[in-house]
Participant: 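Once you've had a glance at the structure underneath, I'll fire off some questions.
Bear in mind that the values here come from a model prediction, so they are computed numbers and not experimental data. To find a chain, count down the sequence lines: A is the first, B the second, and so on, and within it residues start at 1.
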Amino acid sequence: MKKFHVQTIFIVSIFLIIAIFNLGEKQANACAFLNTPHTYEADKNRSAYLKLLEYAASGKLFKGDSNFELPTGEAGTRQNRREVNAELPQEILKSIAWVESEILMATTQVAYNSKGPALIAFDCGYGIMQVTSGMQKPAIGKILSKEQVLIANHPSYNIAKGAEILIEKWNQAPQSRPIVGTDTDSDPNILENWYYATWSYNGFSGPGTNKSNHPLDPIFGSWPRPVYTCDGRYPKNQFPYQELVWGCLNNPPKVSGKQLWQKINISLPNLSDPIFANKLALSNFNYPYAAMDMPTPKPIHYSTKPQSINPSNDMMLGKPNASLSKDKLRIQTNAKNNLADRTIIITNNGLGLLSWNAYTTYPWIVLEKPAGIALGKDIECNMTKCQRESEVIIKINPTLLPDTRAIGKIVIQFANLNIADRVITVDAFAEFNSGVSGISKIY
Amino acid sequence: MLEKFLEYKIHYKIINLFNKTFVLVTIFAITVMYFFIAQYNIFSNIQQSLITKNKDIRVVTIEHSIHKDTIYSYSGIKFANQEKIHEIEHLPNWGVNASRVGNDSNLIMIIPNNFNEFSNPRFNAEIIAYNLQSKEQIVIGKDADLMIKPLFDEKNKTVYYRSTSHNQETKLIKYNLNTRIKSTIFKTNSAMALFPIMSNENTLFAIKYNNQGSKLMEISNMKMKEIIHISDYFIRDWSINTEKNQLLYIEQKSSNESLRYLLKILDVNSKEYVDLNFGKNDYSFQKEVLSIAGNTSDRYAETVHYFKPTWVSKNKIAFGSNSELLQKKQPINIFNLKEPGLEKLTQPLNGFDTPIAFDRYRENMLIKNIQPNMNYLEKIYISNNEEKTRFPIESDNLIIYANWWYLN
């Protein structure tokens, strides 16, 4: 009896400890995916991603796809604002991508040209562009949208969404954002005119907030201050976000000793100049911020448009084709099941990246990985640990089984294919062992 | 007999003479030696090293690299003896935020940790008290706002810091290093730009920013009360005197045509501004700065940019200055509140100097030199105006923190 009490206290303590630690994951569970989806990481030199960023900035990426195409832009001052072409400076987009993630789609543990867990930040920011918009957990009873899946596990779609968000921040002026370029017709081809839009990409917030990026906020110290060197010399917390982006244009990052882009001496608003200091005074930081409209900081720099931008293989835009290894699983919970018995292999017989996600409404079915990527034959996958196919691995929680035998279903969706969802039947047999009470084992 | 006497006398005189010469030569040699020794400061160095040994005053720095910040101390006559004290690993590309070193060798630091990948590095940072001598640390919390420098009330061994660990919530936390008791002294459900600057027994003083300007606030018993509206404009670089009754700061006043930086001192108790005794307007102060610098231009609208005003003693403040109208190589200015006039410290070789802190023995000034034409490159020096010395703190990494550390 005494032994029973000791055991019970021990087991309860373990559960309490697990519960306490799980409280720390509360914020993680607020993100779209319960478990981390898998993605593909392209080449180390970022050449695939840089091409995609240029393609997205040109307005050509996913043109015609209402969820991912670049919206039209705007130009003009508060008095003559008008619609213009769907494009934005590729220089600004690239620098933002570097500041957000060092232009990486997966976590740093994932090798280049292979697959692994996607990069997710504390605020549910996903991938290269650290997209947070729309990446919160679906409401109870709702499932993930295809858009959420693609943003989380497909680099091309992630970049497209980041570009869309940036131009939307630009387009918020003049209704709810100030304008840069009162003297240059707020020409979107001028890099300096993107100062407020860039600030907005990370949050157009001011002193006191958790993400203040106001250049005159005392948390950033005095002005003038150095230009951010983008090489690790200066800690990021000494600069507002837009100065990080400007700094990486002034001092391009290097990979394998090579600069990722040409240096641009893009101009910041000089806060020692009364023209800019007055516009950026805290007293003007009031919605809709009209008093913050300012001229273009000089000297001016124009965006350079690449000569021709056409899709290439490494942009991962090829059309995939899906096949599954099986559509039925039979799992006996107390038997030593082979992993193969619990695994569905997804193969991409086409090109590019096949984005998949799986869900189930049966609580006794546990999916190890909620979403992943299967690689087409044109995608580089040369590392020893790189597998072109993707695996959906299923586990059974016998304590939630309604009976000793139960049949459930898993739905596998293909977010970038216009085909019907595939349904997998799971036939589970449970024979319970009378083990230590209070312990359940997931088979 | 007489011959012997005379011979003795002559010998005696010769000997005397010899002796005298010898004495004279000896004295002369000693004098020459002393002259040369004095020229090379050997005696003064010995004197200084004796003094330094008794005082054991060092400079402590925090030097940044991508994955860690390292605490070093610099000691010795020229502050050239570097000793590594501690390494702090942190989130890549972020850096620590530290307060000044207490007399008990406690350094309060906020660290952007990567222990919890789902934490915002700006507002769930770890705050610790690290003892530079014993190398022990106390973890005060994991809810600190990295961007706000913590305040250490040495007399009461109390740390104050801002916590914004939840969106749209601002808290001010108090932690006693002796009792290890932690308490929230103020909380609001709105984002608030509050900067703790000074404390006494039960009251914390903070500067509050919003788009109405800057205010000095008093906080106690979970309540906040406005003491005075300091300015309609942006203020920065505040410094509190040792008596904790005067607030020195820079007001950045902009209009459509000009941007002016004004040095101001507010008496916290009387809520009145201390007269800088420089004529009746700030233009004459600027003119004084400009004229002493050798520029007699009448262009008062041009900005003299002031940096980091610091209390040197009860009636003296030090500050850096820079302007297109000033000569390059601007030294630190010391201004006596009781007697108008500016004293200048030793001129730097490049850029302009700003004060960090005067040591408590009033001998050495810890200086940050800034070179605008080299992307505002910063270097740290220790300058002694009397000795005319200027020693650099040499480091390949960026020094993100430097201050005095007294070991006895």
Side-chain angles (χ1 to χ4, degrees), chain A residues 24-31 99 102 107-108 120-124 205-212 214 216-238 244 247 250-251 270-286, chain B residues 64-67 69 90 92-97 112 116-124 145-148 164-165 167-168 170 190-195 207-213 232-237 250 252 254-259 303 305 307-308 372 375-378 397-398 400:
Chain A
E25 294 175 7
K26 196 173 173 186
Q27 193 162 359
N29 291 343
C31 300
V99 169
E102 295 190 3
T107 65
T108 48
I120 309 173
F122 60 90
D123 55 356
C124 304
S205 45
T209 60
N210 291 337
K211 290 178 71 169
S212 172
H214 198 293
L216 285 177
D217 194 326
I219 60 174
F220 298 118
S222 300
W223 180 270
R225 48 181 169 259
V227 173
Y228 179 63
T229 52
C230 204
D231 58 359
R233 176 171 169 79
Y234 291 97
K236 282 184 173 180
N237 45 300
Q238 290 187 355
L244 298 175
N250 274 280
N251 304 285
N270 180 2
L271 299 177
S272 298
D273 182 337
I275 294 171
F276 297 106
N278 189 42
K279 294 297 181 186
L280 286 162
L282 286 174
S283 52
N284 288 337
F285 195 70
N286 278 313
Chain B
H64 174 74
S65 60
I66 295 177
H67 296 284
D69 290 344
H90 55 61
N93 290 308
W94 290 70
V96 304
N97 193 353
N116 183 353
E117 64 183 291
F118 293 102
S119 257
N120 183 337
R122 286 174 80 166
F123 65 78
N124 269 319
D145 186 323
L146 172 69
M147 310 302 281
I148 306 297
T164 46
S165 50
N167 269 334
Q168 301 305 316
T170 304
S190 55
M192 194 175 283
L194 272 181
F195 293 77
I207 293 179
K208 180 181 163 188
Y209 285 84
N210 56 25
N211 44 29
Q212 279 103 49
D232 289 341
Y233 303 99
F234 177 70
I235 72 167
R236 58 174 171 81
D237 293 0
I250 291 171
Q252 188 172 308
S254 65
S255 65
N256 285 335
E257 289 82 36
S258 68
L259 179 68
T303 301
H305 194 156
F307 290 88
K308 304 287 182 205
N375 193 28
Y376 295 90
L377 176 69
E378 295 177 354
N397 291 320
L398 179 73
I400 59 173

Participant: With a 4.5 angstrom heavy-atom cut-off, is it the side chain or the backbone of B:N375 that approaches chain A, or both, or neither?
Facilitator: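 Its backbone and side chain both get close to chain A.
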Participant: Pick from B:M192, B:K308, B:K208, B:Q252: which one has the most heavy-atom pairs with chain A under 4.5 Å?
Facilitator: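 Heavy-atom pairs under 4.5 Å are most numerous for B:M192.
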Participant: Of the non-hydrogen atoms in A:G208 and B:A191, which two are nearest, and what is the gap between them?
Facilitator: O-CB, 3.6 Å
Participant: Please classify the contact between B:L146 and chain A as side chain, backbone, both or neither, with a heavy-atom cut-off of under 4.5 Å.
Facilitator: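 Side chain only.
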Participant: Tell me, please, which residues at least two apart from A:D273 pass side-chain hydrogen bond (donor to acceptor under 3.5 Å, both in side chains).
Facilitator: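 Residues passing side-chain hydrogen bond (donor to acceptor under 3.5 Å, both in side chains) with A:D273: none at all.
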Participant: Enter the distance from A:K236:NZ to B:N93:CG here, rounded to the nearest 0.5 Å.
Facilitator: 5.5 Å
Participant: Below 4.5 Å from any heavy atom of chain A, which atoms of B:N210 appear? Answer side chain, backbone, both or neither.
Facilitator: backbone
Participant: Looking at every heavy atom in both B:N211 and A:F285, which two are closest together, and how far apart are they?
Facilitator: ND2-O, 3.3 Å
Participant: In Å, rounded to the nearest 0.5 Å, how long is the span from OH of B:Y233 to CG of A:N278?
Facilitator: 9.0 Å
Participant: Please enumerate all residues that pass side-chain hydrogen bond (donor to acceptor under 3.5 Å, both in side chains) together with A:N270, with sequence neighbours excluded.
Facilitator: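 Checked A:N270 against side-chain hydrogen bond (donor to acceptor under 3.5 Å, both in side chains); matches are A:W223.
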Participant: What verdict does the side-chain contact (heavy atoms from CB on, under 4.5 Å) test give for A:Q238 and B:I400, after you've listed the backbone C-alpha separation in whole Å, the side-chain angles of each residue and the deciding distance to 0.1 Å?
Facilitator: CA-CA 10 Å; A:Q238 290 187 355; B:I400 59 173; 3.8 Å; yes
Participant: Please determine, among A:P207, A:S205, A:G206, the option with the most heavy-atom pairs under 4.5 Å with chain B.
Facilitator: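 Going by pairs under 4.5 Å, I would pick A:P207.
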Participant: Is chain B contacted by the side chain of A:L271, its backbone, both, or neither, given a heavy-atom distance below 4.5 Å?
Facilitator: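 The answer is the backbone of A:L271.
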Participant: Ignoring hydrogens and geometry, is there a side-chain-to-backbone donor-acceptor pair from B:R122 to A:S212 under 3.5 Å?
Facilitator: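 Between the backbone of A:S212 and the side chain of B:R122 there is a qualifying donor-acceptor contact (under 3.5 Å).
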Participant: Does any heavy atom of chain A fall under 4.5 Å from the side chain of B:N397, the backbone, both, or neither of them?
Facilitator: backbone
Participant: Picking from A:A277, A:P218, A:S283, which has the most non-hydrogen pairs under 4.5 angstrom with chain B?
Facilitator: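 Most heavy-atom pairs under 4.5 Å with chain B: A:P218.
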Participant: Within the 4.5 Å heavy-atom criterion, are B:V96 and A:P235 side-chain neighbours or not?
Facilitator: no
Participant: Are the side chain of A:N237 and the backbone N or O of B:G95 linked by a donor-acceptor pair below 3.5 Å?
Facilitator: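 Judged by distance alone, yes, a pair lies under 3.5 Å.
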Participant: Checking heavy atoms, do the side chain of B:F307, its backbone, both or neither come under 4.5 Å from chain A?
Facilitator: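 Side chain only.
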Participant: Can you see which heavy atom on B:H64 is nearest to which on A:Y234, and at what distance?
Facilitator: NE2-C, 3.9 Å
Participant: Find the distance between NZ (A:K211) and OG1 (B:T164) and round it off to the nearest 0.5 Å.
Facilitator: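 It comes to 12.5 Å.
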